[in-house]
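In the text below, chain A, chain B and the rest are named by the order of the sequence lines, each starting its count at 1. No hydrogens, no waters, no symmetry mates; every other heavy atom, side chains included, goes into these values.
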Number of protein chains: 2
Amino acid sequence: MPEELSLAASTTGARPADEGARGRFDRIYQTLRRRICLLDYAPDERLREEDLAEEFGVSRTPVRRVLVKLEAEGLLRSVHGVGTIVTDIEVGALAQVYELRVELAELVGKLSPVPVDDALKARFREIRQRCDSMVRKSDPREFARINMEFFHLFNSLTSNEPLRLVSERLYYQTTRIWLKTASRLREYEQLLNNEFVIFQREVADITEAVEQGDLVAAGHVRRAHISMSFSRIRQASESGTRRDDKPTGSAPPAHA
Amino acid sequence: MPEELSLAASTTGARPADEGARGRFDRIYQTLRRRICLLDYAPDERLREEDLAEEFGVSRTPVRRVLVKLEAEGLLRSVHGVGTIVTDIEVGALAQVYELRVELAELVGKLSPVPVDDALKARFREIRQRCDSMVRKSDPREFARINMEFFHLFNSLTSNEPLRLVSERLYYQTTRIWLKTASRLREYEQLLNNEFVIFQREVADITEAVEQGDLVAAGHVRRAHISMSFSRIRQASESGTRRDDKPTGSAPPAHA
DNA sequence: ACCCGTGTTGTTGTGCACAACATAAGAAAA
DNA sequence: TTTTCTTATGTTGTGCACAACAACACGGGT
C-alpha cells in the first residue's frame, strides 16, 4: 500500500473525513491515477471494483464513477465479465503521444503565457533545489514524483486552460512508460542516474529561462528534452527489452 | 425530438435492438453529444437523468455512466441536488480553445499523415458535392451536420490517434458557439449564407490540397479558416449580442 | 490422447430504493 | 412590509441485490 502524497490539496481542504461527494470523487480519482502512473498498478493488472470500494470505505457505485473517467482518459479499460484492466502501453503506440506532447510543450510557452512574478520564480527555484538534493538519493519513485510535480509547475506557465488539460492528459498517459522501460533494463542503476542528471539539467535550464521571463525559450528547452527523453526510451527499449537477453555490444543510452 | 443521423455506425452495426452493454453506452453517448452540439439541449439547460433513462429504455445507471464521460469532456456539469447542466460557453473562454485548435489543425497535416489513396480522395469529392448542393437549402442544422462530418474527414488525414482524439474533443467543445452566436444575431440569414459560402470554399480548397497529396497545405488552409471563423464569431458576438438592440451602423461580418 | 459441450465461478453491468443535498415556497415573527 | 426559519419538493449521489457475460475447469465422448 503506497504512501499517499497530497499532491493536489485542491478543492476543500482535503481532510480525511467530512468531505462532500465531489471531494470523495476527486480523492479517489487522484489516488488511482497516481497509482497507475507510478506503476503501483502494473499494466495489464486487473483491478477489482469491490476491493477498491472496500479500501476507500464506499460502495462500488462511486468507484465505478472514477473508473469510467479513468477509462475515458485511456488509463483503464473495463470489459464486461472480465475485469477492469490497467492499459498496457508500448513504445510504438506511445510514439504518437510523444509526437504530440513535443508540439504542445512548445505551445505552452507561446499561447497565453502567464506573467512571471517573483512567486513563480521562487517555486521554480524551490523545485530546482529539491531536484538537486534528490539526485543523491537515486530513488526512482521519488524521481517520478518530482518529475510529476515539475510537469505541473511547467504546465502552469500557460493560462490556456484547454492546453493545460490536454497536456496533463497526455503526460499521465506517457509517464508510466519511463518507469516500465527503465525497470526492465539491465543497466538499471546506470540509466537511472543518467536520467537524474539529465532531468536536473532540464530543470536548471527551464528555471533560468523563467528567471529571465523568456517562456518561449522555456518551451523550447522542454520540447527538446521531451523529444530526447523518448529517443532514449525507445533506444533502451529496442536494445534491451528482455533483461535475460544476451548482452548487446553497444551500451544503450549511457551518459551523454 | 431530433432526427437521429447514424453518423458513426462504428462498432457492431448499430441496429436498434440487440446490442451489448458497450453498444448501448456508445449509442447514448453519441446521441447526447450530438444533441448538445446541435443545441437541441441549450446551454444552461437542465437535463433530468430519469427522463433520459426513460427515453432510452434503460435505468438511470447506464445514463449516469454517459453523463460522467460527457462531464469529463466539459460538455456537462453535474451538481449534487441541483441537476445536470449543459455547459454554457462564452466567446471569451472559447478563445483559448480556438487558439489551441488552430495549432492542432496545422499539426494534422504534419504529424503522421495518412497515405492519400483514391478512396480518400473520393470521400472528399463526395462531401464537396454534398456541400455544394447544401448551399441552396440554407438550413443551419444541415450545415452543422455537414460541418461535423467534414471535420471527421479532415481529422482522418492524420494517423496520430491521440491528436485525432484531442482535436475531436476540442471541436465538440467549440462547435456549439457557432450556432449559439449565429442564432442571436439580427442579420441571421445574411450571416448564415455568408458562412455557407466560406465553408464551401474551405471544403473546396482542402479537397484540392488532398487531391494533390499535399496534406501540409490542407492543414494550413484549415488553420486559416478556423482562425478566421473565430474572428467572425467574436466580431459578431461583440457588435450584436442582443438582437433587440438598436441597430448598429456597421453591419458585422457581411460577405467577404 | 484429444476434442467438444457444459456447468461453475468470478467479474462487470443494471435496476431500484433510499440518503444527501440544494432550492424555493410558505408561515411566523419582528 | 420585511425578514427569517421551517418545510416541501425535486435532483443527483450511494448502497445493494441481481442479471449479463466471459473465462475456466470438468466430464463425456470419440
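- For Thr84(A), a side-chain nitrogen or oxygen approaches OP1 or OP2 of dT12(C) to under 4.0 Å.
- Here Arg46(B) does not reach the OP1 or OP2 of dG10(D): none of its side-chain N or O atoms lies under 4.0 Å away.
- For the pair Ser59(A) and dG15(D), the criterion of a side-chain N or O lying under 4.0 Å from OP1 or OP2 is met.
- Under 3.5 Å, the side chain of His80(A) and the base of dA22(D) form no donor-acceptor pair of N or O atoms.
- Nearest-nucleotide positions on DNA chain D place Glu71(B) closer to the 5' end than the other of Glu71(B) and Val82(A).
- Note that CD1 of Ile146(A) is 11.0 Å distant from CZ of Phe150(A), once rounded to the nearest 0.5 Å.
- Rounded to an integer number of Å, the gap from CZ of Arg22(B) to C1' of dT11(C) is 16 Å.
- In this structure, CD on Glu73(B) lies 10.0 Å from OH on Tyr172(B), to the nearest 0.5 angstrom.
- Mapping Glu50(A) and Pro62(B) onto DNA chain C via the closest heavy atom, the residue that lands nearer the 5' end is Glu50(A).
- What separates CZ of Arg60(B) from C1' of dT11(D) is a distance of 8 Å, to the nearest Å.
- Residues Val58(A) and Gly81(A) each lie close to DNA chain D; by heavy-atom proximity, the contact nearer the 5' end of the strand is made by Val58(A).
- When distances run from any side-chain atom of Arg48(B) to the nucleotides dC16(D), dT12(C), dT11(D), the shortest one goes to dT11(D).
- One finds a salt bridge joining Arg33(B) and Glu168(B) here, because a Lys/Arg side-chain nitrogen approaches an Asp/Glu carboxylate oxygen to under 4.0 Å.
- Classification of the Phe151(A)-Tyr171(A) ring pair by plane angle, with boundaries at 30° and 60°, yields parallel.
- Here the C1' atom of nucleotide dT12(D) and the CZ atom of Arg77(B) are 14 Å apart, to the nearest Å.
- For the pair Thr61(A) and Ala21(A), nearest-nucleotide mapping onto DNA chain C gives the more 5' position to Thr61(A).
- In this structure, Arg65(A) places its CZ atom 19 Å from P of dT12(C), rounding to the nearest Å.
- Taking atom CZ of residue Arg24(A) and atom P of nucleotide dA20(C), one finds them 10 Å apart after rounding to whole Å.
- The CG atom of Leu47(A) sits 13 Å away from the C1' atom of dT12(C) (whole-angstrom rounding).
- The distance between atom CD1 of Ile85(A) and atom P of dT11(C), rounded to the nearest whole Å, is 12 Å.
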